[in-house]
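Read the numbers this way: they start at 1 and go in the same order the structure lists the ligands and their atoms.
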Amino acid sequence: MIDSFGRRITYVRMSVTDRCDLRCRYCMAERMTFLPKSDVLNLEEIVELADIFIARGVKRIRLTGGEPLVRKGVDQLVSALGARIGGGLDELTMTTNGTQLAHHAQPLFDAGIRRINVSLDSRDPDRFRHITRRGDLIQVLDGIDAADESGIKIKINMVALRGLNDDEFAPMLRWCGSRGFDLTLIETMPLGEVEEDRTEHYLPLSEVRERLTRDFELVPSIARTGGPARYFEVEGLGVRLGLITPLTHNFCDGCNRIRVAATGTVYGCLGHEQKVELRDLLRGGGAVAVDRALGQLLAGKPKGHQFRIQEPKPAVARHMSVTGG
Ligand code: SAM
Ligand code: SF4
């Protein structure tokens with residue numbers, strides 16, 4: 001799959017549910033309405049779609065959400081997709097909030113998952129509960145331990161939030177170093193209404209990086225994943241630090257990805273509405289129609305996003321939980 005700017009799409013993020021057991025303030029509203037079940041692809045349809053992508057050259061699939069581990073039957077799904085590793089697919093990964101990880105870590109490993117991202121915005125129980133509006137930190141830390149023990153490599157995702165966790169970057173980095181985890185810091189992105197003013201907690205990572213360089217030596221890494229992160233090796237800690245800066249840095253030139261919502265809507269870009277609807281085409285049994293729609297998506301995939309945190313309205317009306325992070 002090659003788009004009109006010559007970018008080859010080899011990476012797909014698939015949201016397996018829009019539901020979540022947390023309500024992170026920057027991501028969701030307190031009272032979210034979730035989709036009826038019939039609107040969401042069933043597990044067989046997700047696998048069918050993954051097979052179409054793999055046949056068209058996709059090498060990596062990341063399962064996300066909402067919270068992927070609250071989807072009923074997720075272990076079966078992961079096992080079915082894991083069976084594609086080596087048969088066209090190079091890697092299957094997941095982004096999770098970790099609350100259900102204690103029960104799922106072993107099945108994920110057994111299915112072939114070797115790396116996961118776990119979101120953890122604070123290691124203080126009260127702050128964690130405040131940011132997620134309900135989360136239990138211990139449950140997440142137990143999940144992280146279980147994944148670690150099963151042999152899955154862990155990267156922690158932490159959204160940088162002024163006034164909420166901005167004194168925790170250095171401690172989080174040291175903790176990751178002590179546990180053998182990598183760390184990625186993320187800027188808040190203006191996606192969907194969340195009943196909160198995101199600008200209040202927006203913290204540019206340029207500022208975070210400047211602060212971290214007072215305590216650590218950050219050696220720029222040549223690693224690029226085609227994604228929005230820039231990487232640094234943190235001297236002495238053995239941690240690779242990723243900085244995802246969609247608002248302060250344009251990363252779109254090397255974009256290699258598309259995103260599938262739980263409904264089978266496929267988006268060319270996180271920061272645009274450009275999309276094709278595949279669910280009804282899949283249900284109509286039209287592999288040819290699905291292929292044609294994907295062709296349209298690639299032809300129209302935007303050159304880049306134009307996020308601006310200062311806008312009164314979110315740049316894109318849909319929440320991150322629709323297309324997954
Ligand atoms: N529920 C899972 C989790 O939290 O890891 C997977 C889905 S979540 C939407 C994926 C990532 O997106 C998380 O790391 C989360 O912190 C991040 N995220 C959600 N909304 C965001 C926003 N508006 N700006 C920046 N990051 C966001
Ligand atoms: Fe749920 Fe992840 Fe969004 Fe938090 S960031 S509300 S855990 S989907």
Side-chain angles (χ1 to χ4, degrees), residues 13-32 34-35 62-71 74 93-101 104 115-122 128-137 139-140 143-144 147 154-162 164-165 172 182-205 208 227-229 242-248 251 257 259-262 267 270-271 305 307-309 311 313-325:
R13 294 195 170 209
M14 299 185 89
S15 169
V16 301
T17 177
D18 63 321
R19 286 162 200 262
C20 188
D21 52 349
L22 302 182
R23 295 287 184 281
C24 303
R25 289 170 185 274
Y26 49 79
C27 177
M28 288 194 184
E30 169 94 70
R31 279 177 296 279
M32 287 287 287
F34 295 112
L35 296 164
R62 175 176 295 277
L63 302 180
T64 175
E67 172 46 41
L69 294 180
V70 303
R71 174 82 198 244
V74 67
T93 56
M94 181 179 279
T95 301
T96 171
N97 65 24
T99 60
Q100 311 299 315
L101 202 46
H104 293 279
R115 295 194 303 153
I116 55 171
N117 292 354
V118 184
S119 300
L120 184 63
D121 297 331
S122 173
F128 184 76
R129 186 175 293 279
H130 175 76
I131 295 170
T132 60
R133 292 200 188 99
R134 58 187 64 181
D136 175 3
L137 178 68
Q139 206 182 330
V140 174
I144 290 175
I154 295 166
K155 190 173 76 165
I156 301 294
N157 276 353
M158 179 182 188
V159 176
L161 300 162
R162 194 188 292 285
L164 292 180
N165 66 3
M172 187 70 92
D182 287 333
L183 176 66
T184 291
L185 301 177
I186 307 174
E187 275 174 2
T188 46
M189 294 174 235
L191 301 174
E193 298 281 1
V194 289
E195 300 162 349
E196 303 254 328
D197 180 5
R198 281 200 190 84
T199 44
E200 193 189 326
H201 298 300
Y202 174 65
L203 176 58
L205 290 187
V208 177
L243 301 182
I244 301 197
T245 57
L247 299 168
T248 50
F251 53 76
R257 61 197 57 195
R259 294 163 193 271
V260 186
Y267 294 92
L270 185 61
H305 69 71
F307 286 139
R308 280 216 301 272
I309 197 83
E311 298 284 327
K313 278 268 176 215
V316 170
R318 63 179 191 271
H319 292 89
M320 183 76 119
S321 53
V322 173
T323 25

Which atoms of ligand 1 sit under 4.0 Å from any heavy atom of [X]?
X: Cys27; answer: 19 (C), 20 (N)
X: Glu187; answer: 24 (N), 25 (C)
X: Gly66; answer: 1 (N), 2 (C), 6 (C), 7 (C)
X: Thr188; answer: 24 (N), 25 (C)
X: Thr96; answer: 2 (C), 3 (C), 5 (O)
X: Glu67; answer: 1 (N), 2 (C)

Self-check item: Proximal ligand 2 atoms for Gly66, defined as those under 4.0 Å from one of its heavy atoms
Solution: 8 (S)
Quiz item: Looking at Leu205, Leu203, Asn157, which hits side-chain contact (heavy atoms from CB on, under 4.5 Å) with Leu185?
Solution: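 Considering Leu205, Leu203, Asn157, a side-chain contact (heavy atoms from CB on, under 4.5 Å) with Leu185 is found only for Leu205.
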Exercise. Pick out which of Asn165, Asp121, Val140 makes a side-chain contact (heavy atoms from CB on, under 4.5 Å) with Phe128.
Key: Val140
Quiz item: Atom OG1 of Thr64 and atom CZ of Arg259: how far apart are they, to the nearest 0.5 Å?
Solution: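 Thr64 atom OG1 to Arg259 atom CZ measures 8.5 Å (nearest 0.5 Å).
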Exercise. Quick one: pull up CZ in Arg257 and CZ in Arg13 and give me the separation to the nearest 0.5 Å.
Key: 5.0 Å
Quiz item: Will you find, in the side chains of Glu67 and Thr17, an N or O donor that is under 3.5 Å from an N or O acceptor?
Solution: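 Looking only at side-chain atoms, Thr17 and Glu67 do not form any donor-acceptor pair under 3.5 Å.
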Quiz item: Got Asn117 and Thr184 here, is their nearest side-chain heavy-atom distance under 4.5 Å?
Solution: no
Of the non-hydrogen atoms in [X] and [Y], which two are nearest, and what is the gap between them?
X: Gln100; Y: His104; value: O-CD2, 2.9 Å
X: Arg23; Y: Glu30; value: NE-O, 3.3 Å
X: Phe34; Y: Asp18; value: CE2-O, 3.2 Å
X: Cys24; Y: Arg133; value: O-NH1, 4.1 Å
X: Val16; Y: Ala262; value: C-CB, 4.0 Å

Quiz item: So, is Cys20 placed with an N/O/S atom under 2.8 Å from atom 3 (Fe) of ligand 2, counting both backbone and side chain?
Solution: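 Under 2.8 Å: Cys20 has no N, O or S contact with atom 3 (Fe) of ligand 2.
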Would [X] count as a polar contact of ligand 1, with the cut-off being nitrogen or oxygen pairs under 3.5 Å?
X: Pro68; result: no
X: Gly65; result: no
X: Tyr26; result: yes
X: Thr64; result: no
X: Asp121; result: no
X: Thr95; result: no

Exercise. State if Ser119 counts as touching ligand 2 under the rule of any non-hydrogen atom under 4.0 Å.
Key: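 In this structure, Ser119 fails to qualify as a contact of ligand 2 - no heavy atom is under 4.0 Å.
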Practice problem: Give the residue, atom name and distance (to 0.1 Å) of the protein heavy atom nearest atom 4 (Fe) of ligand 2. | Solution: Cys24 SG, 2.3 Å
Self-check item: Identity and distance of the protein heavy atom lying nearest atom 3 (Fe) of ligand 2
Solution: Cys27 SG, 2.4 Å
Exercise. For ligand 1, indicate whether the residue Val118 contacts it via side chain, backbone, both or neither (heavy-atom separation under 4.0 Å).
Key: neither
Exercise. Measure Asn157 to ligand 1 on non-hydrogen atoms and call it side chain, backbone, both or neither using the 4.0 Å cut-off.
Key: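 The part of Asn157 near ligand 1 is the side chain, not the backbone.
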Self-check item: Donor-acceptor under 3.5 Å (Arg71 side chain, Gly65 main chain)
Solution: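 The answer is no, because no donor-acceptor pair under 3.5 Å joins these two groups.
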Quiz item: Could a heavy atom of Met28 be found less than 4.0 Å from some atom of ligand 1?
Solution: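 No, that is not the case, since the closest heavy atom of the residue is not under 4.0 Å from the ligand.
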